[in-house]
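Each chain gets a letter, A, B and so on, in the order its sequence line appears, and its residues count up from 1. Everything numeric in this text was worked out from a predicted model, so none of it was measured.
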Amino acid sequence: MTMAEQGALTRNDFVSDQDVRWCPGCGDYSVLANVQRVMPELGVPRENFVFVSGIGCSSRFPYYMNTYGFHTIHGRAPAFATGIKASRPELSVWVVTGDGDGLSIGGNHLLHTIRRNVDLQILLFNNRVYGLTKGQYSPTSRLGMKTKSTPDGAIDHPIDPIAFALGAGATFVARTIDVDAPHLQETLRRAFHHPGTAFVEILQNCPVYNDDEWIEVEDRKSRVEAALVLHDGEPLAFGGKGKRQGIRIQDGVPSVVSLANGEDPTAEGVAVHHERYETPAYAFALASLQRPAYPIPIGVFRAVERPTYEALLEQQVESAVGKHGRGDLDALLRSGDTWTVEP
Amino acid sequence: MTMAEQGALTRNDFVSDQDVRWCPGCGDYSVLANVQRVMPELGVPRENFVFVSGIGCSSRFPYYMNTYGFHTIHGRAPAFATGIKASRPELSVWVVTGDGDGLSIGGNHLLHTIRRNVDLQILLFNNRVYGLTKGQYSPTSRLGMKTKSTPDGAIDHPIDPIAFALGAGATFVARTIDVDAPHLQETLRRAFHHPGTAFVEILQNCPVYNDDEWIEVEDRKSRVEAALVLHDGEPLAFGGKGKRQGIRIQDGVPSVVSLANGEDPTAEGVAVHHERYETPAYAFALASLQRPAYPIPIGVFRAVERPTYEALLEQQVESAVGKHGRGDLDALLRSGDTWTVEP
Amino acid sequence: MPGKPTEQVERVAIRFAGDSGDGMQLTGTKFTEATAMAGNDLSTLPDFPAEIRAPAGTLAGVSGFQIHFSSQEIRTPADQPDVLVAFNPAALRANVDDVIPGGMVIVNSDAFNTKSLQRADYDGDPRPDLRRRFQLVEIPLTRLNRAALKDLQLSQRDADRSKNFFALGLMYWLYQRPMEPTLRWLAGRFKGDLLEANSRVLKAGHAFGETTELFPVSFVVPRAKIAPGVYRNITGNTALAWGIVAASVQMQQPVFLGAYPITPASDVLHEVARYRHFGVKTFQAEDEIAAMSAAIGAAFAGMLAVCTTSGPGFVLKQEALGLAVMAELPVVVVDIQRAGPSTGMPTKIEQADLLLALYGRNSDSPVPVLAPSTPGDCFFTMLEAFSLAVKHMTPVIVLSDTYLANSSEPWRIPEVEALPRQPVEFRTEAEGFAPYARDPETLARPWAIPGTPGLEHRIGGLSKQDVTGNVSYDPRNNQRMIELRTEKVARIARDLPPLEIEGTDGGELLVVGWGGTYGAIRSAVDEARADGSAVSSLHLRYLNPLPSDLGGILGRFERVLVPELNQGQLSRLLRAEYLVNVESLSKVTGQPFQIAELRAHIDSMLGKA
Amino acid sequence: MPGKPTEQVERVAIRFAGDSGDGMQLTGTKFTEATAMAGNDLSTLPDFPAEIRAPAGTLAGVSGFQIHFSSQEIRTPADQPDVLVAFNPAALRANVDDVIPGGMVIVNSDAFNTKSLQRADYDGDPRPDLRRRFQLVEIPLTRLNRAALKDLQLSQRDADRSKNFFALGLMYWLYQRPMEPTLRWLAGRFKGDLLEANSRVLKAGHAFGETTELFPVSFVVPRAKIAPGVYRNITGNTALAWGIVAASVQMQQPVFLGAYPITPASDVLHEVARYRHFGVKTFQAEDEIAAMSAAIGAAFAGMLAVCTTSGPGFVLKQEALGLAVMAELPVVVVDIQRAGPSTGMPTKIEQADLLLALYGRNSDSPVPVLAPSTPGDCFFTMLEAFSLAVKHMTPVIVLSDTYLANSSEPWRIPEVEALPRQPVEFRTEAEGFAPYARDPETLARPWAIPGTPGLEHRIGGLSKQDVTGNVSYDPRNNQRMIELRTEKVARIARDLPPLEIEGTDGGELLVVGWGGTYGAIRSAVDEARADGSAVSSLHLRYLNPLPSDLGGILGRFERVLVPELNQGQLSRLLRAEYLVNVESLSKVTGQPFQIAELRAHIDSMLGKA
Ligand SMILES: Cc1ncc(C[n+]2csc(CCOP(=O)(O)OP(=O)(O)O)c2C)c(N)n1
Ligand SMILES: Cc1ncc(C[n+]2csc(CCOP(=O)(O)OP(=O)(O)O)c2C)c(N)n1
Ligand code: SF4
Ligand code: SF4
Ligand SMILES: [Mg+2]
Ligand SMILES: [Mg+2]
């Protein structure tokens, strides 16, 4: 399909001919459906989309997208994607990874891709377990989680993907939920439009090996108390009628303040959410909020602009051409000291 | 030497017979000397010290320590050290790594070792360059740094080791300076006495490939303005007479306030330093302070206690023995369904 | 036995197949236990669907379990099942073509509706055609099962879940297996209505067999002549895990297992993790590199260190393994080979990492390599691997494979007293200690661990000075150290037992194998010899160093055939080593060798086909 | 030439040695340029100290540079120097034993004091002894140099730093080399007092030679008969880097180079990074795995992708390389081999990664392997590697080594018009496209890159269905795909040029080599043949697939010798492939072969020693 026709793109244009092979009830289905819904809106010709993944249930994703796709090896997807994007900045490159693929074996590539600010959308499906290998604990699993490989319970302190990404210097960081279609779709749009690495943690349910891990925020009722939904420019408030509460951050230390109905949160010192603080410190303070003491923040934590890796690379090429002119092979071979042997 | 004699330990007991092979003027010499000075004070028999390193100039360190030592492969030292400490919790295991060894190829192992809170002392020599391979840029090099591998300047945004460690959930994080013997020694002592992973960034000069990278804080005069020296329980104040300033942190966002002489910083809303906040958010706010807008914080950012990996592992072994009694091989082989074939 | 007549048969192979949810693995395991009790020799192989669960009723979701049992000695789960029990159309379609022509195919007739047929990609009802090709037995399994449970307070879903026990009961009747072991197991596992339901349908199935017209006779498979002793069923992965635990007991040092999950090796980590009370420490690392590095660190610290992984993970371990070669530390690395290259077919069978094990590291970096030949042998191979590693102060590689890992066989439980007992001895004497001073016999360096006063020393990956182990760039020293490491591994051959040839130790044809293909090769060769062919077989347990008597043996045969589940890796080794014109039979379908195809190849080589 | 008499010699080898700070590499390079201008054939080899700088004046800090020049064709930097110029006692001690007995040893007498002797681990003054063994020439270099600069406003430190140019001037006089090129270079590089100082001492050194009693004669090495053309000096690493840039120009696609620094490969990254104006993109990755992965991603996106690394880094790339085999994408991986195993001796020479290149991945995973034989050949090898990769849609491995990387030789600059020109062609036609449909000739699949409408497709590491490339677990399909990939690589042999034997194409002895040992082997064999021995030599550029005419050639010789800087890797390959009793000559000292040792071995094989 060509640029001209792409106005005509629909969800079905992004459905591949392979049958989807996830367990019944897997959160991945919902994410796939919503990605396929959002694609047509993005104004990108289908042939310019590339989906890159590692290994894991979630990493089967590219097979189901009728775009260019590369199901690579375990943990390395961000590096493959970096090669693609640095080579061809005009492509829209999406990385699909899991909590094991992205944060266990692949943590280092994620770290460096984020700090380089390569313009990728990275979707990390966090089901807090290794699905494909049938249920071992992952770097995001809770302390004490009993799995096949930890019959006495996990003893490693889990990684928080958002805190990790901020520690890596991420320019765009967001968290969303597999089953919340509108929020998920909006987050995907935001990620796409962000120039630079857009890191999105998707809370995903694995009914087979770690069912209901995120039920508190997946369930619309409990979510009211359990989730802190972020809105740029609005106070950090959550909780239902009569139970309104807010987040105050003093000297970098967050705390919960309860709010009598109706009253203005900021008066109580509740912080107002800003995505664009130059410092990552504020976003990190949000990331540090953990259940059960605090609600789980959902939404865009941080969105700041910084030149992308591939743009700076292109600039170096262009300015080099500007300085030396297009490379001349003959001139290169004859540069420096040479001598002639006469016949 | 035995426990009995170790009261007698002196610096020389820790000097190996190998001649030190660093360039003249290298910051590593000073770090080595100070480590050798501190060792005898720690009340550990020499034979219980193990120094583990990866590859790099700094990673030659173990050869110069007259203790047990393992110069391993590039980037993996934290994993080797984890194997040693998890096997033998009574050993005092020190990891020596560089900004390339620890944060480039080795970033993932550092991340996971820190989150597991294995009781190690990790000394990261940050000279912001690859020394051993003769001067390429490293993950901590400044944007635009011109090196052999980046003739047009580096285009990757640097990693801040402290922010990275906090993002990984570190329980102890500190920064010190190669040439500041008293501060370096005190930091080593603090790191040793911390139960769990003690991550120490050492600002180190590489006169050959990146000279004076840290001169602002290495130089006693400029340090007054350029460094924010952290003291537990004291306000975040810096600057010389007449130029006193402090750090205020509002809604998680740090800023500089100037203080008229003598006046009480806290009155101006200047934050007071606490190493033991449960939340890493405050320490991260400090880590986000970058030159030239802010001074570089020096000292202990965070020191909180959490069970160590090896302790929890030992507990699982003990409670398993408590539950099932010491393992009986014959019983294991005959467990479950068996049948007898009569002669 | 009342009522119906019985018929005696020597051997039978049955395959149970159904949806992942139908409990096929459980059904197979229970039938296996009952069969063991019945005193037959047996061999089983499960067939798992690709890693993640597919939608119910689809071909991708089919799970199978094959059991081969006999009154004679057998070594494989059989090339083809004589009987297929298919719980749904997908299971039928995925498996029926494997059944021997005219074999018995038992189906659940209630499961045949347009929806399930579509799910199985059948355009029409396959039964008419199958009736022509097989002995098709159609049983209204679902309805019979529900009927048996009518009066219980069970949801229909729960009721239907027990139908595999109905089928199991039926098969117990058909092959005269005892129901007691299964009833005992049910009593231990379930209670209340569920216990009642499962036990009831098991018996109902048995009774149905007795009464139905569908089966005129039932079959008797006489007891096999089996060496006396206490037996259990064991899979290669369990045997391997227990071998690790056993090594720690016999060598009196705790084990440190570093692993990163990967199919089909993960189960070893799972199994070993259950034995903390043996002092075992398992470490699920962030990746294979960390698992290998941590294990080497543990070895440096004095633990019995081991890593378990499979192909792609094994590749990642090579750099660290090279350091273990240089540091001369004992660590065992187990590669449970799977079908590749790259990610390949993670649940399928191949034995193609042999050359990787030998040459996968930069520069000349010799490591001993062992391969078990049967599921039970995995246990003894691990004991041997650890003792070689410690005695010779070297990493050791063990090459198992997906076939060994998952298949099971009756295993005569060894007497613990009879197992080798080799307590680890560390260097403690400071007098005259040097990190790289060597045992004149084995060339092993001393194992001196942190915490030992006076033995403080440094090791690493840089070229080492002879004896002192200090960093050295001296050319002659480097040559000497490389030769010493090579010689150290070569000398292991001195300890190896003489090779045992099956058949005459010379003649027309020798078939040489290694690893998990033992059962198929041995069976095919024995058959051929029984039919009068001059063919012998030889199975290699030691791939590096090669046994010193191997060259002589190869020379005594006119032709040598090496069947491998790869493109001829062992044959390359043998050709290079002995300049013998070894012929390679290569199979890389992800499936094990069938006795018949090996037999056919042997016959054709001997001009008999 | 005025004054002193001259003497004609055919060839001379000079080694300059001093402290890392003394500018030995520069001195050597300048002497090399002047020698090139003088029209001699030449070959050079630098000898760097271990990676990090050691304290001044110590043995660990000694840096050296050897140049061999002649009026005849030569191929190596010579086994032993005829002349050693040692700037301090450490340099003397580290090098003097290499000098041929009775050779000339020039020392700076001002540098001999107790402190410097101690630093060099000399107990006493070595000169008395050396006077007996060599033609020892003692020059008060430091004082002469200072004297020449007396009237300039230079710190003594700066003044002393120029003494290498004084020595250079002296050597120019001694071997009748032109000073102009160096003077021109100085003028371009320095100005003011420094320019004046360096130029002046260069001339002063020259004049000193003319006047001093120490040198009765100067030497003339006549011009060599060299094919006409424009020449330059080039090291293997520079040639390799330029070959990468050239490939991009000739194939009209930009290059993506992914690398992680590692000795001795880093310089290739450094060099290529300078050519952004050729559209080249270099990516310094976080590690070798990321470098390899990014390069494969770039290949998927349509770039000419390449990775440069050395031993330990090459090991880390293998898993991703296996994916490139499965994905059938063109990417070139360069392993500049260094001495191992493990970290080994990173600055020393070995060629021991051949079997790793062939077998370092899980399962059967064939990759073509090429090896350049001279520094200049690295350029052409890269051009060829890229065109093979693209034509056959496969990763390609290039094995260079530390010797090729750092040594230099005069290189006849090729005419760009004469270089192969093969513009890359991507698949664009949607009609009839299938990701794994193959070219019937080469079996290559189409290169269809993102951005091409209608060719959207998915690839990955799971077993692929023939033609469609969809995931498939079908047994027969898997066998077929593995065979197809093997056959695809095997077919490359069809394109290979016939092998060229040096000498008779049959006879008593054939010496077979590969890679950087070409110069030494060729020289030794030529010498032996010149002395009447029936010996020929053959050098392999293609290690996989092996050339189809190789087997026949080996068969035509009574004996075959394979000298290798490893423990016999190529000989294992040849033995396995052709069942020929190849004899191996192995050297693993970290040093290159010497012509003399090869010659001695050949003679002894021919019963001539
Ligand atoms: C090198 C390597 N090591 C291990 C594996 C096995 N493996 C495949 S996926 C996976 C973890 C997947 O977990 P996650 O990324 O959370 O994905 P999920 O299945 O949960 O979506 C592992 C360990 C592999 N394929 N390759
Ligand atoms: C697998 C591998 N890749 C690359 C190298 C080469 N190498 C050795 S040290 C090093 C970087 C050292 O930098 P850093 O950790 O900052 O240490 P420094 O020398 O600056 O103290 C590199 C790239 C190696 N030894 N092994
Ligand atoms: S295992 Fe879990 S994550 Fe994987 S497909 Fe099934 S439900 Fe989804
Ligand atoms: S290169 Fe730099 S870091 Fe390395 S030893 Fe020299 S001065 Fe120190
Ligand atoms: Mg997961
Ligand atoms: Mg550094």
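With values rounded to the nearest 0.5 angstrom, C:Trp411 atom CH2 is found 12.0 Å from B:Thr338 atom OG1. Between C:Glu456 atom CD and B:Phe49 atom CZ the span is 11.0 Å, to the nearest 0.5 Å. For the atom pair CG of C:Leu323 and CZ of B:Phe70, the computed distance is 4.5 Å after rounding to the nearest 0.5 Å. How far OG1 of C:Thr35 is from CH2 of B:Trp339: 9.5 Å, rounded to the nearest 0.5 Å. A distance of 9.5 Å separates CD in C:Glu417 from CG in B:Leu329, rounded to the nearest 0.5 Å. The distance from the CG atom of B:Leu333 to the CG atom of C:Leu419 is 7.5 Å, given to the nearest 0.5 Å.
Heavy-atom pairs under 4.5 Å with chain C were tallied for B:Val93, B:Ile55, B:Thr82, B:Asp328; the largest tally goes to B:Asp328. The most heavy-atom pairs under 4.5 Å with chain B, out of C:Val230, C:Val416, C:Ile459, come from C:Ile459. The most heavy-atom pairs under 4.5 Å with chain C, out of B:His74, B:Met65, B:Arg88, B:Glu342, come from B:Arg88. Put simply, of B:Val321, B:Ile84, B:Leu111, the one with the most heavy-atom pairs under 4.5 Å next to chain C is B:Ile84. Comparing C:Ala294, C:Ala301, C:Ser293, C:Gly297 by heavy-atom pairs within less than 4.5 Å of chain B, the highest count is held by C:Ser293. Your options are B:Phe51, B:Tyr309, B:Phe80, and the one with the most heavy-atom pairs under 4.5 Å with chain C is B:Phe80. With chain C as the partner, the residue from B:Val50, B:Asn66, B:Asn108, B:Asn48 showing the most heavy-atom pairs under 4.5 Å is B:Asn66. No other option in C:Pro181, C:Gly229, C:Gly322, C:Pro254 has as many heavy-atom pairs under 4.5 Å with chain B as C:Gly229. Contact count against chain C (heavy-atom pairs under 4.5 Å) is highest for B:Gly327 among B:Gly327, B:Ala81, B:Gly325. Each of C:Ala290, C:Ala298, C:Gly451, C:Gly460 has some count of heavy-atom pairs under 4.5 Å with chain B, and the biggest count is that of C:Gly451.
Interface residue C:Ala327: only side-chain heavy atoms are found under 4.5 Å from chain B. Within the 4.5 angstrom heavy-atom criterion, no atom of C:Thr238 approaches chain B. Looking at B:Gln316, the atoms closer than 4.5 Å to chain C (heavy atoms on both sides) sit in the backbone and in the side chain alike. Only the side chain of C:Asp287 has a heavy atom closer than 4.5 Å to any heavy atom of chain B. Looking at C:Leu304, neither its backbone nor its side chain comes within 4.5 Å of chain B, counting heavy atoms on both sides. For C:Glu319, the parts lying near chain B are the backbone and the side chain together; criterion is any non-hydrogen pair under 4.5 Å. Contacts of B:Ser335 with chain C are made by both backbone and side-chain atoms, with heavy-atom separations under 4.5 Å. Residue C:Ala305: no heavy atom, backbone or side chain, is found under 4.5 Å from chain B. C:Ala295 does not touch chain B: none of its heavy atoms, backbone or side chain, sits under 4.5 Å away. Residue contact with chain C, scored on non-hydrogen atoms closer than 4.5 Å, involves the side chain of B:Glu314 exclusively.
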Could you go through B:Asp337 and C:Arg232, starting from their C-alpha distance and side-chain angles, then the distance that decides it, and tell me whether this counts as side-chain contact (heavy atoms from CB on, under 4.5 Å)? CA-CA 6 Å; B:Asp337 281 311; C:Arg232 68 173 310 117; over 6 Å; no
Walk me through whether B:Arg116 and C:Glu286 qualify under salt bridge (charged side-chain N to carboxylate O under 4.0 Å, His left out). CA-CA 11 Å; B:Arg116 290 187 188 110; C:Glu286 56 270 29; 2.8 Å; yes
When you look at B:His71 and C:Leu462, which way does the side-chain contact (heavy atoms from CB on, under 4.5 Å) test go after all the steps? CA-CA 8 Å; B:His71 177 230; C:Leu462 287 165; 3.6 Å; yes
Walk me through whether B:Leu332 and C:Tyr275 qualify under side-chain contact (heavy atoms from CB on, under 4.5 Å). CA-CA 10 Å; B:Leu332 169 62; C:Tyr275 303 113; 3.4 Å; yes
Pair B:Arg334-C:Glu415, salt bridge (charged side-chain N to carboxylate O under 4.0 Å, His left out): steps then yes or no: CA-CA 10 Å; B:Arg334 294 166 194 282; C:Glu415 296 301 324; 3.2 Å; yes
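Side-chain atoms of C:Arg458 come within 3.5 Å of backbone atoms of B:Thr67 as a donor-acceptor pair (strictly under, hydrogens ignored). A donor-acceptor contact shorter than 3.5 Å is absent between the side chain of C:Arg276 and the backbone of B:Ala320. Side-chain atoms of C:Lys281 come within 3.5 Å of backbone N or O of B:Ala86 as a donor-acceptor pair. For the pair B:Arg76 (side chain) and C:Ile289 (backbone), a donor-acceptor distance under 3.5 Å is absent. Checked by atom type and distance alone, the side chain of B:Tyr68 pairs as donor or acceptor with a backbone atom of C:Ile449 at under 3.5 Å.
Looking at heavy atoms from C-beta onward, C:Phe300 lies out of side-chain contact with B:Ser87 at the 4.5 angstrom threshold. For the pair C:Val471/B:Arg60, no side-chain contact is recorded, criterion being any heavy-atom separation below 4.5 Å from C-beta on. Looking only at side-chain heavy atoms (C-beta outward), B:Gln18 and C:Asn470 come within less than 4.5 Å of each other.
Here the closest heavy-atom approach between residue B:Gly83 and residue C:Phe256 is recorded as CA-CZ, 4.1 Å. In this structure, C:Pro450 and B:Leu91 approach most closely via the heavy-atom pair CB-CD1, 3.7 Å.
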